[in-house]
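Single-structure report; data block below.
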Amino acid sequence: MRMPRMSETYDVTQIQQRWLPVWDELAPFRSGDPNDPRPKKYVLDMFPYPSGDLHMGHAEAYALGDVVARYWVQQGFNVMHPIGWDAFGLPAENAAIRNGIDPMKWTYENIEQQKASMRRYACSFDWDRVLNTCDPEFYHWNQWFFIQMFKRGLAYRKASNVNWCPECQTVLANEQVVAGACERCDTVVTKKKLTQWYLRITDYADRLLNDMQQLEGYWPEKVLAMQRNWIGRSTGAQVSFQIEDYPEAVTVYTTRPDTLYGATFFVVAADSPLAEALAAGTSAEEDLYRYAEEVKKASDIDRLSTERKKSGVFLQRYAINPVNGERLPVWASDYVLADYGTGAVMAVPAHDQRDLDFAQAFNLPVRVVVESGEDPAETGIATADDGPHVNSGPLDGLNKDDAIAAMIDILSQTGHGDASVNYRLRDWLISRQRYWGTPIPIVHCPDCGEVAVPEEELPVRLPSAEGLDLSPKGASPLGAATEWASVPCPQCGADAVRDPDTMDTFVDSSWYYLRYLDPHKTDGPFDPDLAREWMPVDQYVGGVTHAILHLLYSRFFTKVAYDMGLVDFTEPFTRLLNQGMVVMDGSAMSKSRGNLVKLTDELAEHGVDAIRLAMVFAGPPEDDVDWADVSPAGAKKFLARAWRLAGDVASQPGVDFTTGDLPLRKATHRALHDTQVAVESYRFNVAIAKAMELVNATRKAVDSGCGPTDPAVREAVEATAIIISLITPYTAEDMWARLGHQPPVARAGWPQVDPQLLVADSVTCVIQVAGKVRERIEVSPDVTAEDLQDHVLHMPEVISALDGAAIGRVIVRPPKLVNIVPA
RNA sequence: GCGGGUGUGGCGGAAUUGGCAGACGCGCAGGAUUUAGGAUCCUGUGUCCUAUGGACGUGAGGGUUCAAGUCCCUCCACCCGCACCA
């Protein structure tokens, strides 16, 4: 037993203090040298909101991204691994309202704090590329993109019923409404009629859908499914209906034009202008008004309740079925959505559950047009399956697909309709009535209307928050900044006003990955040449919370940039890794639940490396990690073991490894190979297990094998330091120094794996009789099938296991298996 | 309802093309060393039995195969996403 000396103690705090300043000096992860000959890779972590100290979720996500980034650096790549801050948004503003602090001051202080905490966490970020979205030098280009889109007709203003959060006093995009509640504050969202800015993402619906082919196999299937679902492409037909005593025809969208003969009534969205127009002048006018008011008040939560009975108002109008001239009563109801399709439907209760529910609530007729042997009027269950059509004139006898095609033919020939495609995706509402965001660079002129601020006048800077009332009132505080808001019209010079709204912060994150290329560029959002060199992002790492919003918007922006000729690719993120959440006892950590584990405390107790290691080792990166299953103490134990080995090495740096102990050399090269394979397939937990095996093997070799002077021991420990440098940079660096090397270990380079050392000396061959393992023998890895079979059949154990039975078949799979099947 | 996924020891999890199920770790038990141990090292640890051997064993049931955690069919449970989208 050696007596522990001071230098033999693994002192986490000391190691951290020793190396952080050294790394600052060496900056091993700088990626901006134009003469760097290394091939390029772009590893991107989703940037954080500056919320102060890092928390557990950050710790996991950034540890995972760091493994990938550091791995490619060791493999000789020039890796761009940037970080920045998603710095606009409500929390800064809310803090300002609560505590009277300037949102800008609050934000920059938080950024500084978080940056320091991140540096200590030792992520391999290129600190030269830091960006903050709230810097004018960044949001300048938000405004530039907006203007390009405005000029292309992709940014426009329209009045509509929008999602309104009464708590935040601002509008929300559809994507920000979760189960009828505000994503941020959980308040029930209501509707409000407002004029707002939109980006025409629906123009890109098909491309957003089709380009997913490029991502298949590289993005999680789940994310692709969610996006597909969100885009919600459906095919069907538009059918135009005349309305009795009404001047205009009303068009409906249906995916089942084949059931047109089964239509027994007609429904328009209660909150649509169409319903109002149809009811005008009829005795239903009052009823509709009252009903529509009720509908507007009802929250989406109530509307979505499945228990809810269908409601509606008969509008005292009749629509004429274009194929058979039947009169269909026109109803208004909230089960038809104003902003999907045309806001009106033909109701076929026999074959649509919602229509059937409505028919039964109001005693409307049900007519079967697709045979199924069931009567929906009796069962209460609409049938949507394929079957022969009946009661359908020329469609009788046809199956569903043929009937759909036939009906579309009939409609287009008679001019009553045509094939049509619809999307669930809506245009992206980007204006917000809040202060802390990118001002929308538009001037409203009484004569010229909406005029883009000339590009040379950008950025339109946010006015100082001083003197502004930031508390939410439903109108942007910028409107009150009169001096800021009053400007001459850029076109005619007349007195005009700036648009008072700011942009959704998702605009910032839709292109920030391009800004990292050259974050301080003043004459453009990014350098197209650099984009050609670095983009698209090779590996994107972030939470599944952004599976729809952020990723869809980024994909949209990329396609717009492609159309503008700014980039030569159509998808921004080649590979996507969604890390799981860190939970505690099965549920999300939160202060209110009382199960919050403070990262700062854990780091203080166990050190950065142990936390990173424990977290990455806990399971596959995409799975949730339960802190209860994470063992920082175990991780620290391993690190100390590995670290102590560095002190045991008793050979000089540069010693010739090839003369070293062969079994240990093989273990080393096996470990290098296996970790390489594991890391490249995201199995970081497995990579750590392989490193642990190597440490165990080395310990054994030192204590009871070849001994500490053997060159193989040095080779093994150096390999260990390099492998664990991906996960635990402090310990790895200290080991590297103890081994007599210069920092940084991060740039040591991955040792060349010798394929000859991957061949085992002998392989355990399993001998089965009737499929059951009876014996194991050690054989040479290149044993021939003949020799192996011959040997095995003569083994006494085999003969006795056969128990006199004749041999039927012998399956030989050298060198791993022989299976003897009795006749 | 639709879509995506998961199911392996006390726990987290391993397992190229079908070929030794349970790597690695946590926990637990025993031992060594120690003034001490929340340090270090060693050993053991799927279940059951008639125990130097054997049987069983990857959510359940069936199938293909010499051989199935892995492939096919049926079912169950759980998690996530979407959900009046015509």
Side-chain angles (χ1 to χ4, degrees), chain A residues 1-4 8-10 178-179 220-230 232-234 236 252-257 259 267 269 303-306 308 310 333-337 339-348 351-355 357-358 384 422-426 544 547-548 586 613-614 617-620 622-626 628-631 633-635 637-638 640-641 644 674 677-678 681 683 685-693 695-696 699-700 703-704 763-773 775-776 808-813 816-822:
Chain A
M1 177 69 195
R2 295 181 312 272
M3 285 307 289
E8 292 269 320
T9 314
Y10 174 70
V178 176
E221 193 48 48
K222 180 183 172 178
V223 173
L224 294 176
M226 283 165 80
Q227 295 228 341
R228 224 172 270 124
N229 201 312
W230 190 262
R233 185 180 197 269
S234 78
V252 302
Y253 170 73
T254 176
T255 55
R256 293 295 303 275
T259 61
V267 191
R303 278 186 67 152
L304 291 179
S305 160
T306 42
R308 199 158 159 276
K310 290 277 184 287
S333 172
D334 65 354
Y335 88 87
V336 171
L337 307 176
D339 58 355
Y340 181 79
T342 60
V345 303
M346 63 180 219
V348 185
H351 307 298
D352 182 289
Q353 192 60 48
R354 298 152 300 178
D355 294 343
D357 293 344
F358 192 85
N422 238 294
Y423 300 91
R424 215 184 75 108
L425 182 70
R426 314 292 155 83
V544 72
I548 301 175
L613 178 69
F617 184 55
E622 60 274 12
D623 289 1
D624 286 353
V625 180
D626 198 318
D629 301 322
V630 174
S631 172
K637 206 166 96 181
F638 164 73
R641 251 163 85 78
R644 278 195 306 272
D674 287 358
V677 171
S681 52
R683 283 145 53 239
N685 53 329
V686 178
I688 293 170
K690 300 296 177 187
M692 288 172 166
E693 283 180 346
V695 166
N696 291 343
R699 178 83 267 157
K700 207 166 221 163
D703 289 351
S704 54
V763 177
T764 307
C765 180
V766 174
I767 295 148
Q768 298 178 330
V769 176
K772 293 202 157 116
V773 180
E775 211 53 49
R776 298 187 169 111
R809 262 177 89 183
V810 181
I811 288 114
V812 186
R813 292 282 176 276
K816 292 176 79 175
L817 176 128
V818 178
N819 188 7
I820 301 148
V821 187

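Residue numbers begin at 1 in each chain, while the letters A, B, ... track the order of the sequences.
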So, does A/Arg813 get its side chain near the phosphate of B/G19, meaning an N or O under 4.0 Å from OP1 or OP2? no
Send over the distance from A/Ile820 CD1 to B/C66 P, rounded to a whole Å. 16 Å
With the 90 degree cut-off around zero defining syn, does B/G9 come out syn or anti? syn
Could you state the CZ-C1' distance from A/Phe617 to B/C11, rounded to the nearest angstrom? 13 Å
Check the distance between B/A15's C1' and A/Lys816's NZ and give it to me in whole angstrom. 10 Å
NA contact type, A/Ser234, heavy-atom cut-off 4.0 Å: base, sugar-phosphate, or nothing? sugar-phosphate
Please step through side-chain hydrogen bond (donor to acceptor under 3.5 Å, both in side chains) for the pair A/Arg641 and A/Asn696, ending with a clear verdict. CA-CA 9 Å; A/Arg641 251 163 85 78; A/Asn696 291 343; 2.3 Å; yes
Taking atom C1' of B/G5 as reference, at what distance in whole Å does atom CG of A/Asp623 sit? 10 Å
Can you say whether a donor on the side chain of A/Asn819 sits under 3.5 Å from an acceptor on the base of B/C66, or the other way round? yes
For A/Arg683 and B/G13, give me the distance from atom CZ to atom C1', rounded to whole Å. 12 Å
Base B/C84 to side chain A/Lys310, donor-acceptor N/O within 3.5 Å cut-off: yes
Searching all strands shown, indicate the nucleotide that pairs with B/G1 (Watson-Crick or G-U wobble; both distances under 3.5 Å). B/C82
Within the 4.0 Å heavy-atom criterion, would you say A/Pro620 contacts the bases, only the backbone, or no part of the nucleic acid? sugar-phosphate
Between A/Asp626 (CG) and B/G10 (P), how many Å, whole number? 19 Å
Could you tell me whether A/Gln353 contacts a base, only the sugar-phosphate backbone, or nothing, with contacts defined as non-hydrogen atoms closer than 4.0 Å? nothing
Using a heavy-atom cut-off of under 4.0 Å over every strand shown, decide if A/Arg641 touches base, sugar-phosphate, or nothing. sugar-phosphate
Grab the CH2-C1' distance between A/Trp230 and B/G3 for me, whole Å please. 15 Å
For a quick check of understanding: with a heavy-atom distance under 4.0 Å over all strands, which category does A/Ser631 fall into, base, sugar-phosphate or nothing? sugar-phosphate
Separation of atom CG in A/Asp674 from atom P in B/C24, rounded to whole Å: 13 Å
Closer than 4.0 Å, any side-chain N/O of A/Arg424 to the OP1 or OP2 of B/A83? yes
With a 3.5 angstrom cut-off on both distances, give the Watson-Crick or G-U wobble partner of B/U64, or none if there isn't one. none
So, A/Asp339 and A/Arg426, do they make that salt bridge, N to O below 4.0 Å? yes
Please work out whether the ring planes of A/Phe358 and A/Tyr335 are parallel, tilted or perpendicular, with thresholds of 30° and 60°. tilted
Roughly how far apart are A/Lys222 NZ and A/Asn229 CG, rounded to 0.5 Å? 13.0 Å
Once you apply a heavy-atom cut-off of 4.0 Å, does A/Asn696 come out as touching a base, just sugar-phosphate, or nothing? sugar-phosphate
RNA chain B: A/Lys637 or A/Arg776, which has the more 5' nearest nucleotide? A/Arg776
Heavy-atom nearest nucleotide on RNA chain B taken for A/Val223 and for A/Val345; more 5' hit belongs to A/Val223
